[in-house]
Number of protein chains: 2
Amino acid sequence: MGPRKTTTRERLITTAAELFWRQGYAQTGVNEIIQQARATSGSFYHFFPAKEDLLMAVIDHMSEKLQVEVFEGSDNTVADPIERLFSVLSAYRRYLAANDFVFGSPLASLAAEVSENHPAVREKLSEFVEGWTSQIEGLLTDAGPRLPVNTDRRVLARFIVNAMEGGVLQARVSRSAAPFDASVTQLRTHFDLLQNDVESPKAPSLPVRSTPRREPPVGDWKAW
Amino acid sequence: MGPRKTTTRERLITTAAELFWRQGYAQTGVNEIIQQARATSGSFYHFFPAKEDLLMAVIDHMSEKLQVEVFEGSDNTVADPIERLFSVLSAYRRYLAANDFVFGSPLASLAAEVSENHPAVREKLSEFVEGWTSQIEGLLTDAGPRLPVNTDRRVLARFIVNAMEGGVLQARVSRSAAPFDASVTQLRTHFDLLQNDVESPKAPSLPVRSTPRREPPVGDWKAW
DNA sequence: GTCTATACCCTGATAGAC
DNA sequence: GTCTATCAGGGTATAGAC
């Protein structure tokens, strides 16, 4: 492959990605995308039969970009899996802070806006989140005996993703990085405690709580 | 105050609240709201000069409803502050599960969709989140010596809110309660560990980590 | 406060020449 | 593949009688 100029299709996708991210899907008109991408209506509908088809392409584009800039853009010289995890979180923060957190999570916004109205979009976003969760779960598995044996790696991975995504959302709404940083700080504490628990595994057998813990029946909605 | 029928204004707000929650703000047309509320265009614009004014009223309505159904709808016979917290989380789960989690967080969706385009809306949503965070922080403060002395109650409260809101979002996208429940389960573990830490506070002074912890400079974006 | 009718604009999408 | 011109429809919002 020789040197290659940006194609119209690529420009449509990248500019749409940015506009959707900033303003949302519904708020962004096709005309606006066309203008800003220096394209025409004819080109647009040549590549994308409908606006939703562009949306699907945008999600693919964003997924790939996030994968590259955050996961692979983190300090992958870090050998320790847990420190590697925090390196990823740090890369995510850098990515978001580059826009002062105002754009929020690139895909979570779309999830909230269009997941109900466009089933295919919801499906794609779901796969993306699962992918990230699995990657984090992989790091936790690599941590091996560093974490207590009874730690459910998948639950912990989901927990981390939730705390981060929630943090981004609140950061955007409150126009402050504090909510995001609270998640990272407390996650660090969480891991410190988990690792202490490995060292002295007898302690947690005497909980202070008054009521017994109830394990939620996962997948069973209406219960509890 | 005697018995009172529902006013047109109220019907407009409640039906709009549900429609915004389900479909998003932009996807919901004024006509749709008017029809479903059995009102007319004239009434609508009599009460609300513009669609955005209705949105503001809807947010107020949702905030109040959430406060009543979740916080006050939780089991407030529970005296222990920490168990009280988990009672609130349980009430929140009940509230969401009543719609099979498909609607997501009533206000977070709006936050993601319209926060950038409507500054006044963003401000109102920010205040709402702060209110909830403060209420949770209050419970944590009430827990007093049950938590380690060096625990920043505000950071922990933010962390909890983040984990819950993130969980709701992923639950909606993945059409499964599992992500939400993962947050609750792991938060329970987190509190167990924190309380163990109170009992044997010497243990955490020997962390396994290889690199020193970095406290993030809150409010200072571009750093780290 | 509520009704009907309607203005006016911007939307996504199409047609057909080049 | 790209262009211009244009369509049909739904969007928010208004006017004015009752």
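So you know, we letter chains A, B, ... as the sequences are listed, proteins then strands, and number each from 1.
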- Message: Evaluate B:Met62 against B:Phe20 for side-chain contact (heavy atoms from CB on, under 4.5 Å), listing each step before the verdict.
- Response: CA-CA 11 Å; B:Met62 286 295 233; B:Phe20 290 169; over 6 Å; no
- B:Glu116/A:Arg175 under salt bridge (charged side-chain N to carboxylate O under 4.0 Å, His left out): CA gap, chis, key distance, verdict: CA-CA 10 Å; B:Glu116 281 322 297; A:Arg175 283 264 188 281; 3.1 Å; yes
- List the steps and the verdict of side-chain contact (heavy atoms from CB on, under 4.5 Å) for A:Leu54 and A:Phe44. CA-CA 9 Å; A:Leu54 172 63; A:Phe44 184 100; 3.6 Å; yes
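Taken residue by residue, residues 26-44 of chain A places heavy atoms nearer than 4.0 Å to DNA chain C at A:Thr28, A:Gly29, A:Val30, A:Asn31, A:Ser41. Less than 4.0 Å separates DNA chain C from at least one heavy atom of each of the following residues of residues 45-60 of chain B: B:His46, B:Phe47.
Side-chain atoms of B:Val173 and A:Phe128, non-hydrogen and from C-beta on, never get closer than 4.5 Å to each other. Using a 4.5 Å cut-off on side-chain heavy atoms (C-beta onward), B:Glu83 and B:Asp75 make no contact.
Under the salt bridge (Lys or Arg N to Asp or Glu O under 4.0 Å) rule, A:Glu137 has a single partner from A:Arg153, A:Arg154, A:Arg158, which is A:Arg154.
Annotation: ring-ring contact (aromatic ring centres under 6.0 Å, His included) contacts involving residues 151-174 of chain B, sequence neighbours excluded, comprise A:Phe159-B:Phe159, B:Phe159-B:His190.
In this structure, the CD atom of A:Gln23 is 11 Å from the P atom of C:dT11, given to the nearest Å.
In this structure, a donor-acceptor pair under 3.5 Å is present between the side chains of A:Ser43 and A:Thr40.
Between A:Thr8 and D:dT2 there is a side-chain N or O to OP1 or OP2 distance below 4.0 Å.
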